[in-house]
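On a predicted model such as this, the values are computed, not experimentally measured, just so you know. Just so you know, residue 1 is the first one in the sequence shown, and it goes up from there. Atoms within each ligand, like the ligands themselves, are counted from 1 in listed order. Keep in mind that the numbers below use all heavy atoms, side chains included, and drop hydrogens, waters and symmetry copies.
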Amino acid sequence: MNLEDDKKFLWHPLTQHQLHPEHLLIKKAKGVMLYDEYDNEYIDGIASWYTCMYGHCNPEITSKVAEQMTELDHVVFTGFTHQPAINLARELLKILPENQDKLFFSDNGSTSIDIAIKMALQYHHNKGVKKQKIIALDDGFHGDTFGAMSVSDLSIYNGPFSDYFLEVIRIPAPNKENVKQSIAIIRELAKKNDIAAFVYEPIVQGAAAMKMHEPKALNELLEVAKGENIITIADEVMTGFGKTGKNFASEFMSCLPDIICLSKSLTGGIGPMAITSCNQMIYEAFLSSKMEQGFFHGHTYSANPTSCSAALASLELLKSSEIQNNIKNIEASHRRFNEKIKDHPKVKNTRQQGVIFALDFNVNVDRYGDLRYRLYDFYMAQGVYLRPLGNTVYILAPFVISQTELQRIYDAIQNSFEII
Ligand SMILES: *Cc1c(COP(=O)(O)O)cnc(C)c1O
């Protein structure tokens with residue numbers, strides 16, 4: 001039996017196998033639906049961790065990938081270049097915030113962050129200054145490789161590694177009450193001239209259960225950081241590509257980041273790929289007659305042509321009027337749903353940004369406490385895949401979801417009020 005072999009051979013991510021040995025076998029995915037081995041269907045209410053935003057196995061993407069696969073599968077990206085990467089770069093830079101100039105490829109969100117941090121550290125190093133500390137936000141999440149883990153605050157399970165982290169100074173997610181104090185902290189630290197970078201998830205902190213903060217306050221922090229020659233790094237791995245209502249969350253601020261990290265829905269879920277983009281100022285700090293001032297970071301699968309073609313097809317979809325209209329419709333539906341439930345006694349708080357909707361239940365529980373498992377099972381039994389965290393449940397469904405399918409998610413959430 002397949003599942004016996006799963007237990008025998010596989011080690012799943014983020015899993016305590018002694019407590020949670022069972023995994024559901026998903027056989028097929030199409031549009032917004034996941035199908036298990038018994039043909040039960042589940043609406044993918046989180047677009048498989050915000051990747052498959054244009055629907056699973058979208059033929060507009062798969063056809064381009066199929067074509068690319070027979071032409072050029074992979075080639076070394078050092079010394080060689082290829083059309084899929086060039087096309088993707090040209091098209092992506094058209095919609096990225098206007099100060100972005102260069103793209104650097106890697107494989108996943110975590111590596112895009114490690115690359116951003118290394119770019120920032122070496123930027124200062126190449127200018128002959130040693131800056132070692134990094135500012136990051138409370139409750140931030142940036143991934144599971146060492147650099148990314150260091151700047152993540154949601155590291156309850158990262159204890160075994162914490163002695164080996166980079167030095168990070170934390171400030172709260174910005175709002176009008178705390179921004180003055182955070183500015184004072186940054187200014188004070190900057191006097192010692194050893195702050196290399198400020199890493200943040202703009203506006204929405206995904207893994208912190210879709211916590212949201214104020215663009216205006218964040219903008220103030222960014223301006224201060226820039227003024228102090230601190231490299232600003234926007235982690236848009238989750239927020240990128242339309243989910244916040246704009247193509248990139250950084251567009252909500254007038255002060256633009258030096259570096260932007262992208263992954264998750266970059267390829268529409270077809271293949272792993274990440275991009276760290278930067279402005280000319282960063283890039284030029286690596287130009288030199290000395291080899292060692294170059295950026296000696298590289299992954300074997302950098303700019304994989306098939307992934308590039310998936311990303312290019314995804315970008316075309318994002319720009320289409322169909323997807324742009326869907327985004328507006330989903331935003332409006334979420335607002336209507338919010339009106340209906342926000343005053344319910346079981347609801348403590350709701351929040352929305354673009355197509356992201358989150359609801360906190362009126363109970364105190366741990367992030368991975370018993371409630372999330374009860375809710376998870378409850379939603380699955382109703383044919384809806386959601387991943388509650390602590391007392392929060394959120395929706396981030398593919399852009400192609402229909403009103404009827406959205407309503408099924410809302411109904412499942414409303415029905416779950418009974419088990420709180
Ligand atoms: C998921 C995520 C990451 C890590 O990406 P991986 O591809 O899982 O390594 C980093 N930052 C944010 C904001 C994320 O949501």
Side-chain angles (χ1 to χ4, degrees), residues 12-15 44-53 104-120 134-158 161 165-166 168 170 173 197-213 218 232-244 247-250 252 257 259-277 297 299 301-302 304 307 310-311 314 353-356 358 367 387 389 392 394-397:
H12 289 265
L14 309 172
T15 301
D44 189 350
I46 64 159
S48 290
W49 269 334
Y50 343 127
T51 56
C52 306
M53 293 305 292
F104 192 96
F105 284 98
S106 65
D107 309 330
N108 59 72
S110 305
T111 53
S112 76
I113 295 289
D114 274 38
I115 287 163
I117 292 171
K118 285 175 71 173
M119 278 179 179
I134 297 167
I135 296 175
L137 299 182
D138 286 343
D139 294 331
F141 176 77
H142 303 285
D144 288 337
T145 52
F146 262 90
M149 253 197 312
S150 298
V151 288
S152 294
D153 192 28
L154 288 174
S155 50
I156 38 174
Y157 303 129
N158 288 349
F161 318 109
F165 287 174
L166 296 164
V168 173
R170 284 202 188 278
F198 169 37
V199 185
Y200 59 96
E201 292 160 89
I203 310 202
V204 188
Q205 295 180 292
M210 302 297 163
K211 272 177 77 177
M212 296 177 190
H213 54 263
L218 177 57
T232 51
I233 302 171
D235 178 354
E236 295 231 26
V237 170
M238 191 284 288
T239 53
F241 303 106
K243 303 180 199 90
T244 61
N247 284 339
F248 301 96
S250 290
F252 285 93
I259 299 177
I260 299 179
C261 300
L262 302 166
S263 186
K264 295 222 159 101
S265 62
L266 175 61
T267 65
I270 293 284
M273 189 161 91
I275 287 174
T276 307
S277 74
H297 184 112
H299 296 284
Y301 274 96
S302 293
N304 173 255
S307 287
S314 300
Q353 180 68 52
V355 304
I356 306 167
R367 183 177 167 84
R387 279 181 58 92
L389 282 170
T392 306
Y394 64 86
I395 310 171
L396 212 182

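- Residue F241 comes nearest to S263 through the heavy atom pair CE1-O, 4.2 Å, listed as atom of the first residue, atom of the second, then distance.
- Residue R170 forms a salt bridge (Lys or Arg N to Asp or Glu O under 4.0 Å) with just one option from D138, D153, D139, and that option is D153.
- Nearest protein heavy-atom contact of atom 9 (O) of ligand 1 is S110 OG, 2.5 Å.
- Proximity to G143 (heavy-atom distance under 4.0 Å) selects the following atoms of ligand 1: 4 (C), 10 (C).
- Closest protein heavy atom to atom 13 (C) of ligand 1: D235 OD2, 3.3 Å.
- Remark: side-chain polar atoms of S150 are paired, donor with acceptor, to backbone N or O of L166 under 3.5 angstrom.
- Atom OH of Y301 has 12 or fewer heavy atoms from other residues, nucleotides or ligands within 6.0 Å.
- Those atoms of ligand 1 with a heavy atom of N108 less than 4.0 angstrom away are 7 (O), 9 (O).
- Numbered from 1 in the order shown, with element, the atoms of ligand 1 that lie under 4.0 Å from a heavy atom of F141 read 2 (C), 3 (C), 11 (N), 12 (C), 13 (C).
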Stepwise side chain to side chain donor-acceptor pair (under 3.5 Å) check, T239 with E201: CA-CA 8 Å; T239 53; E201 292 160 89; over 6 Å; no
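- Close approach to H142 involves these atoms of ligand 1, each under 4.0 Å from a residue heavy atom: 10 (C), 11 (N).
- Taking every non-hydrogen atom of M238 and a distance limit under 4.0 Å, the qualifying atoms of ligand 1 come out as 15 (O).
- Near E201, with a cut-off below 4.0 Å to any heavy atom, the atoms of ligand 1 are 13 (C).
- A distance of 11.0 Å separates CD1 of I275 from OG1 of T111, quoted to the nearest 0.5 Å.
- Near G109, the atoms of ligand 1 lying under 4.0 angstrom from a non-hydrogen atom of the residue are 4 (C), 5 (O), 6 (P), 7 (O), 9 (O).
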Chi angles and distances behind the side chain to side chain donor-acceptor pair (under 3.5 Å) call for S48, D44: CA-CA 7 Å; S48 290; D44 189 350; 2.7 Å; yes
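- Counting protein heavy atoms only, atom 14 (C) of ligand 1 is closest to K264 NZ, 2.9 Å.
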